[in-house]
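Only one structure is covered here, and it is reproduced in the block below.
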Amino acid sequence: MPKKIIAANWKMNNDEYSSKKLTFDFLKHLSKSNNENVLKILAVPFPFLNTVSKMCDGVDSVKVASQNCSSYDMGAYTGEVSANMLSSISINFSLVGHSERREIFMEKDEDILDKVRLLLENKISPIFCCGESINARKKGMHLDHIEKQMRNSIFKLDASEFKKLVIAYEPIWAIGTGETASINDIDEMHNHIRNLIKSNYSSSLSNSISLLYGGSVKPNNAKEIFDIKNVNGGLIGGASLNAKDFIDIVNSIN
Ligand code: 13P
């Protein structure tokens, strides 16, 4: 069975004070209703990784993630943060290939593969994000689009590397819009991703990978999304900035 995971993506929000307060409030709510079977991951901005990690220390079912890393391993790359640096402060997970990075910062599938490889070399599990635009969906190209994103990047890994991934499907048109993908849309895509992994690797590998859905997940729609067969959790943006809402989402998964 894939691990159940609810991950928060704070994106570029919060200063140090509000990051500490959000973490404190999250841990306070969690102490009342911690579902130990669900892994909670907080993907926080680089400057607060250490502080938030220290605050979460000792809570086994909570991990802290970075939102990105460099596609280079080290050297004269001003402003970049390497996978090795993240590993040296005990970060175990990192988002990679989020649509905002692909669209705003022009990240290509090849860059994403480089990042995934560096993360794996540094014993950090990549949370690989994929998703289609509204145009691709309207043209009926959404399944092909996701397949292409995977073939050009993570399907180049061997099985022993691939099994360390978490995959998050986030349709771009559902991110931050309040428009969640329908249950049928999510079901179709998650089955598709599971089948692609099966045909590229094996059934047992496919059935072990956690597939998360992201895009306008809120406390009032989380349960019906998490009840979909091939959904093993969520990647939560806006609603993760409110500790109570985030905990309500965590508690919506069975
Ligand atoms: P929202 O939950 O705000 O739609 O964001 C989803 C997301 O991009 C998480 O990575």
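Counting starts at 1 for both ligands and their atoms, in listed order.
- Protein heavy atom at the shortest distance from atom 2 (O) of ligand 1 is G237 N, 2.9 Å.
- Below 3.5 Å of separation, one finds an N or O of G176 facing an N or O of ligand 1.
- Looking at ligand 1, you'll find an N or O of N9 within less than 3.5 Å of one of its N or O atoms.
- A salt bridge does not link K115 to D111: none of the charged nitrogens lies less than 4.0 Å from a carboxylate oxygen.
- Ligand-side atoms of ligand 1 in range of L235: 9 (C), 10 (O), range being under 4.0 angstrom from any heavy atom.
- Note on D109 versus R102: salt bridge recorded, some NZ/NE/NH1/NH2 to OD/OE distance being below 4.0 Å.
- For the side-chain contact (heavy atoms from CB on, under 4.5 Å) criterion with V52, the lone passing option out of L22, D57, N14, L42 is L42.
- Salt bridge D248/K244: present, at least one basic N to carboxylate O contact under 4.0 Å.
- Heavy-atom proximity to G238, at under 4.0 Å, picks out these atoms of ligand 1: 1 (P), 2 (O), 3 (O).
- For W173 and E132, the side-chain atoms include at least one donor-acceptor pair closer than 3.5 Å.
- At a heavy-atom cutoff of 4.0 Å, ligand 1 is contacted by both the backbone and the side chain of I175.
- Using a 4.0 Å cut-off to heavy atoms of A174, the atoms of ligand 1 that qualify are 4 (O).
- Nearest protein heavy-atom neighbour of atom 7 (C) of ligand 1: E170 OE2, 3.1 Å.
- Residue-ligand proximity, G215 to ligand 1, at heavy-atom distances under 4.0 Å covers atoms 4 (O), 6 (C).
- For a threshold of 3.5 Å applied to N or O pairs, the pair formed by K11 and ligand 1 contains at least one separation below that value.
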